[in-house]
Structure formats: C-alpha cells, structure tokens
Amino acid sequence: MFRIGLTGGIAAGKSVALARLAERGAVTIDYDVLSREAVAPGSVGLDEIVEAFGPQVLAADGTLDRQALAAVVFADEAARERLNAVVHPEVRRLAAEREAAAAAADPRAVVVHDIPLLVETGDPARFHLVVVVHAPAELRARRLAERGLSPEEAAARIAAQADDDARLAAADVTLDGTGSADALREQVDALWEKVRTEVDQESEGDA
C-alpha cells in the first residue's frame with residue numbers, strides 16, 4: 001500500500017485534485033466527510049462539542065449547527081483548539097479503519113488521505129508522499145468571494161489555516177492550483193503515473 005497525504009489551502013483546488021486521483025483509481029479518504037461522521041447525532045463527539053460550546057451550536061433537529069460553531073471557532077484560537085481536541089482523534093480512528101479495509105482489499109492500493117489541516121494537526125511523516133495543492137492567498141480569497149463569502153469571512157478562513165510557507169515546506173510534491181481545473185488534472189495525471197510506477201516496482205521487488 002502507498003499512502004499519500006493531500007492538503008492545500010482553502011480554495012486552492014484540492015477538491016479537483018482529489019476527484020482526479022479517485023478517477024485514476026486511488027482510494028480516497030476525505031477527512032471533511034469523516035469529521036461530519038465524528039459529530040453525527042448520537043455520537044460521543046457531538047455530545048462533547050455541546051458540553052464544550054453550549055446548546056447554541058445545535059440545530060433544531062439535533063444535528064450540529066456548523067455555521068453557529070464556525071462563528072465561534074474561526075475567531076477564537078482557543079475555541080478552535082478545543083474543537084480539534086474533540087474531533088481529530090475520532091477522525092483519525094475512522095481514517096485508520098478505512099485505510100485498513102483498503103489495504104486488505106488490495107495490498108497495492110494507493111490510499112489518499114485528504115486532510116485540509118495536515119500541516120497544522122497531522123503528522124506528514126506518516127505518509128510516503130505529501131502532496132500540496134498551492135495557490136496564493138490573494139487568489140484563494142478572490143475564489144471564496146466568488147462563492148459568496150464576505151472579505152472578512154474569507155480572510156478568517158484563510159487565517160485559520162497554516163500559512164503558505166508552512167504548507168510548502170511540508171510538501172514532497174507541489175501542484176499548481178492557480179490555473180484551470182484541466183491544468184490541475186494534467187498535473188495529477190503525471191503524478192499518478194509516477195506513483196503507480198513506484199508501487200509496481202516495489203511489488204515486483206517483493207515478489
């Protein structure tokens with residue numbers, strides 16, 4: 001099994017890269033999806049969040065009101081750390097389960113962990129390859145504005161993540177997210193060919 005850690009700043013193009021890797025045959029583990037599972041109704045994670053932040057972060061139907069929670073944590077580093085201490089251990093457990101299942105199904109699987117906060121909270125050394133989709137903060141802010149966020153909301157979300165230098169320093173491979181989606185997919189295709197070649201060579205060596 002070949003393990004890739006994929007990350008990138010918000011609105012850098014990471015979702016495009018992840019989708020293309022899945023199309024090429026990678027097993028993808030989306031930590032945003034896992035973070036929602038970790039705080040689903042009835043979960044220990046949701047109970048702990050309500051205990052930490054109060055019932056105002058619950059919607060009327062008992063689910064987590066993500067907008068209300070975001071309003072608290074994006075502006076408060078200590079609150080964000082409290083939230084991370086609840087969610088991240090459960091997300092790691094769920095990710096490990098999915099990776100183990102992928103390896104059992106195919107020992108030559110390429111497993112991509114899509115981790116928005118890999119640099120901030122993850123352990124890049126756990127991966128054979130750390131891939132960063134990069135676009136400057138100014139461009140990402142414009143993209144967020146096009147999605148309907150105010151300049152203040154965009155700035156808060158960008159500031160809540162690692163800065164560009166920290167992400168780039170952790171990268172084994174950097175994909176350029178400044179161009180079109182097709183241009184990014186072409187970069188992913190080239191990376192995929194290299195990864196599959198390496199996996200195939202290792203498999204032959206183990207045979």
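Note that the structure is a prediction, hence the values are computed from the model and not measured.
The environment of CD in E97 is crowded: more than 12 heavy-atom neighbours from other residues, nucleotides or ligands sit within 6.0 Å.
Panel note: side chain S43, backbone A38; a donor-acceptor pair is recorded below 3.5 Å. A side-chain donor-acceptor contact under 3.5 Å links Q187 to the backbone of D176. Formation of a donor-acceptor pair under 3.5 Å by the T197 side chain with backbone atoms of E193 is found in this model. A distance-only check finds a donor-acceptor pair linking the side chain of Q56 to the backbone of F53 [under 3.5 Å].
Salt-bridge check for E90 with R93: passed, with a basic side-chain N closer than 4.0 Å to an acidic carboxylate O. D200 and R196 are joined by a salt bridge, as a carboxylate oxygen and a charged side-chain nitrogen come within less than 4.0 angstrom of each other.
Here the closest heavy-atom approach between residue S35 and residue V87 is recorded as CB-CG1, 4.0 Å. Taking all atoms of both residues into account, the shortest heavy-atom contact from A156 to F74 is O-CD2, 4.1 Å. Here the closest non-hydrogen pair linking V119 and A170 is CG2-CB, 4.0 Å. For L184 against A17, the heavy-atom pair with the smallest separation is CD2-N, 4.2 Å. Of all heavy-atom pairs spanning L46 and P41, the tightest one is CD2-CA, 3.7 Å.
For the atom pair CD1 of I10 and CZ of R140, the computed distance is 8.0 Å after rounding to the nearest 0.5 Å. Between the CG atom in L6 and the NE2 atom in H113 there is a gap of 11.0 Å [rounded to 0.5 Å]. Interatomic distance, I158 CD1 to L149 CG, rounded to the nearest 0.5 Å: 9.5 Å. Rounding to the nearest 0.5 Å places CG of D114 at 9.5 Å from OH of Y31. A distance of 8.5 Å separates OG1 of T28 from CG of L21, quoted to the nearest 0.5 Å. Note that the CD atom of E48 and the CD atom of E51 stand 7.0 Å from one another [nearest 0.5 Å].
Counting heavy atoms from C-beta on, the side chains of L34 and R98 come closer than 4.5 Å. At least one side-chain heavy atom of R167 sits under 4.5 Å from a side-chain heavy atom of D164. Side chains of E99 and I29 form a contact here, defined as non-hydrogen atoms less than 4.5 Å apart. Side-chain atoms of L129 and V173, non-hydrogen and from C-beta on, do get closer than 4.5 Å to each other. Within the 4.5 Å cutoff, the side chain of V133 has no heavy atoms near those of the T7 side chain. Using a 4.5 Å heavy-atom cutoff, the side chains of D172 and V130 are in contact. Inter-residue side-chain proximity for L175 and V132 is flagged as unmet; no heavy-atom pair is nearer than 4.5 Å.
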Kindly determine whether R143 and E146 satisfy salt bridge (charged side-chain N to carboxylate O under 4.0 Å, His left out), including the steps that lead there. CA-CA 5 Å; R143 289 174 174 172; E146 290 169 1; over 6 Å; no

Check step by step if side chain to side chain contact (heavy atoms under 4.5 Å, CB included) holds for I4 and F127. CA-CA 5 Å; I4 294 175; F127 302 99; 5.8 Å; no

Applying side chain to side chain contact (heavy atoms under 4.5 Å, CB included) to L58 and D65, what does each step give before you reach the verdict? CA-CA 5 Å; L58 281 179; D65 185 335; 5.9 Å; no

D30 and L18: CA distance, side-chain angles, deciding distance, side chain to side chain contact (heavy atoms under 4.5 Å, CB included) verdict: CA-CA 9 Å; D30 185 334; L18 182 71; 4.2 Å; yes

List the steps, then state whether side chain to side chain donor-acceptor pair (under 3.5 Å) holds for E198 with H128. CA-CA 11 Å; E198 182 172 340; H128 296 99; over 6 Å; no

Kindly determine whether D32 and R36 satisfy salt bridge (charged side-chain N to carboxylate O under 4.0 Å, His left out), including the steps that lead there. CA-CA 7 Å; D32 279 339; R36 287 191 286 274; 5.7 Å; no

Start with the C-alpha gap between V27 and M1, add the side-chain angles, then the distance that decides, and say whether side chain to side chain contact (heavy atoms under 4.5 Å, CB included) holds. CA-CA 10 Å; V27 176; M1 182 183 63; over 6 Å; no

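No path of Ile, Leu, Val, Met, Phe, Trp and Tyr side chains, each step under 4.5 Å between heavy atoms, connects L117 with V72, placing them in separate hydrophobic clusters. By the rule that hydrophobic residues join a cluster once side-chain heavy atoms approach within less than 4.5 Å of another member, L191 and V110 end up as members of one cluster. V111 is not connected to V199 by any chain of hydrophobic side-chain contacts under 4.5 Å among Ile, Leu, Val, Met, Phe, Trp and Tyr, and they are in different clusters. Note on L83 and L118: same hydrophobic cluster, where clusters join Ile, Leu, Val, Met, Phe, Trp and Tyr whose side-chain heavy atoms are under 4.5 Å apart, directly or indirectly. Cluster membership for L139 and L144, using ILVMFWY side-chain heavy atoms within less than 4.5 angstrom, is not shared.
The side-chain tip of R108 does not point at the ring of F2 from less than 6.0 angstrom away and within 45° of straight on.
If you check the side chains of S180 and D182, you find no donor sitting under 3.5 Å from an acceptor.
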